[in-house]
There are 2 protein chains.
Amino acid sequence: MNDRRPTLLEYALLGLANNQPRTGYAFRKVFEATPMAHYSSSPGSIYPALQRLDERGLLESSVGDGDTLRPKRVYTVTSEGVEALRAWVSQRVTREDVIWRPRELMLRFSFMGGLVDDDVSCTFLEQLAVELDGYARSLEEYRSAMPGHGPPHGVLAMEAGLANVRSMKTWAKNALRQFLPSQRSDGRG
Amino acid sequence: MNDRRPTLLEYALLGLANNQPRTGYAFRKVFEATPMAHYSSSPGSIYPALQRLDERGLLESSVGDGDTLRPKRVYTVTSEGVEALRAWVSQRVTREDVIWRPRELMLRFSFMGGLVDDDVSCTFLEQLAVELDGYARSLEEYRSAMPGHGPPHGVLAMEAGLANVRSMKTWAKNALRQFLPSQRSDGRG
DNA sequence: CCCCCCATGTAACATGTTACATGATTGA
DNA sequence: TCAATCATGTAACATGTTACATGGGGGG
């Protein structure tokens, strides 16, 4: 048996199934058509992943009217699956997440809707901003140690990374405003 | 024999070796310490990758004074390796690159220094800007089709993607100015 | 009737992860 | 001498990629 934590692909499937039950083919179409999640849409990755999630009890499948071979199989998330998803999105945002797994972070955020309370989204965005800030500072430090002579490619690539981190930070701060409990307390205008 | 094109990790090793010959351990240290390239620094990935590159003739290795077991092995890029690297960085920037492989793009750019003429960097940045622009437009279109009601997470995640693409575009346009052949032609001030 | 899209799956393969094993060198 | 760091590698395993195989249903 396989007790590892789910892959990113598996979490993506779980999150999509949580929005709406789908067939394997429908999952594949989402990965092909959607610009959001950058996962392979090949049958060789999707179907085995769905089978694994089924075996672990995070998804369950029901065949449609079944007298054909190759029955159409619809996957629905189980309560255990919902819990796994909730635990995943609610994890603390770490510096490592920001450095190594920014896509996973955005995937987590995008699955929060309807799954967790707004204060979880709020905490997520606050932690994200903090970690992005710290990372930006370490990048700046790193850059200042780079040689000013020679080809500028290294420094420029560095600056691309920095610009990226900063834009994400700006985004997080703006997004946060939509989740903060309303600022104006009921008294006064 | 394995004739596939090199992995991203292998290109990263090739590029680093092109800057300076290193031991396997030194490559690992770079991946641990550098914020730029997000690759695994585990021996289980690095050493086999170096062996593959050696077998394919893109790297060659020389052992230091060798009467010990476990000789220290220094990898140097071959002329064939340099050619492979040059071909890789010089490829046309496609929409798919921008959507699915932005990190690879930045890696390609950062290895251009000292490897190709400035007009290659120039072309790269121009193509990059064009493709980013097209991608941004398709993202905007996609976003405008999203539901305005319900949890805002999806729309926000979308906007994060957009902000990211736009910041990269701005970067590309700024970087381009450093590679454009000097605007003022020799006549007049 | 044929082709395309819907739909599900498997097999071979390469890569990367994790954990382990080993040995050399350097400084406290 | 002991520990840390330098240094190289392998084995088991899971995942993902590519290519292939199969079959139903609808439209031209």
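Here is how names work: the chains are called A, B, and so on, in the same order as the sequence lines, proteins then strands, and each is numbered from 1. Just so you know, these numbers come straight off a predicted model, no measurement behind them.
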same_hphob_cluster(A:Val116, A:Trp88) at 4.5 Å side-chain heavy-atom cutoff | yes
Separation of C:dT15 C1' from B:Arg56 CZ (nearest whole Å) | 11 Å
A:Phe27 atom CZ is separated from C:dC6 atom P, nearest whole Å, by 17 Å
How many Å lie between CD on B:Glu10 and C1' on C:dT15, as a whole number?
-> 9 Å
Pick base, sugar-phosphate or nothing for A:Gly24, based on heavy-atom distances below 4.0 Å to the nucleic acid.
-> sugar-phosphate
Separation of C:dG23 atom P from B:Lys72 atom NZ, nearest Å, is 19 Å
When you check the phosphate oxygens OP1 and OP2 of D:dC6, does a side-chain N or O of B:Tyr25 lie under 4.0 Å from one of them?
-> yes
Counting only side-chain N and O atoms of A:Tyr47, is one of them less than 4.0 Å from OP1 or OP2 of C:dT8?
-> yes
Could you state the atom-to-atom distance from CZ of A:Arg4 to P of D:dA12 in whole Å?
-> 15 Å
Distance, rounded to the nearest Å, where B:Leu8 contributes CG and D:dT17 contributes P = 14 Å
Under 4.0 Å between a side-chain N or O of A:Gln51 and OP1 or OP2 of C:dT8?
-> no
For B:Glu141 and B:Ser138, indicate whether the former's side chain and the latter's backbone hold a donor-acceptor pair under 3.5 Å.
-> no
Mind checking A:Ser42 for me? I need base, sugar-phosphate or nothing, with any heavy atom below 4.0 Å counting as a touch.
-> base
Evaluate the side-chain hydrogen bond (donor to acceptor under 3.5 Å, both in side chains) criterion for residues B:Arg73 and B:Ser61: first the C-alpha distance (whole Å), next the side-chain angles of each, then the deciding distance (0.1 Å), finally the verdict.
-> CA-CA 6 Å; B:Arg73 192 174 285 276; B:Ser61 63; 2.9 Å; yes
Would you say the side-chain atoms of A:Asp97 and A:Thr94 include a donor-acceptor pair closer than 3.5 Å?
-> yes
Rounded to the nearest angstrom, tell me the gap between atom CZ in B:Arg101 and atom P in D:dT17.
-> 12 Å
Sugar-phosphate only, base, or nothing, as touched by A:Ser45 at under 4.0 Å among non-hydrogen atoms = base
A:Arg52 side-chain N/O to D:dG16 phosphate OP1/OP2 under 4.0 Å = yes
Specify whether A:Phe179 and A:Phe109 have parallel, tilted or perpendicular ring planes, treating 30° as the upper limit for parallel and 60° as the lower limit for perpendicular.
-> perpendicular
Using a 4.0 Å heavy-atom cut-off across all strands, classify A:Thr23 as base, sugar-phosphate, or nothing.
-> sugar-phosphate
Rounded to the nearest angstrom, tell me the gap between atom CG in B:Leu9 and atom C1' in D:dT17.
-> 17 Å
Distance test, side-chain N/O of B:Arg73 to OP1/OP2 of D:dC6, below 4.0 Å | no
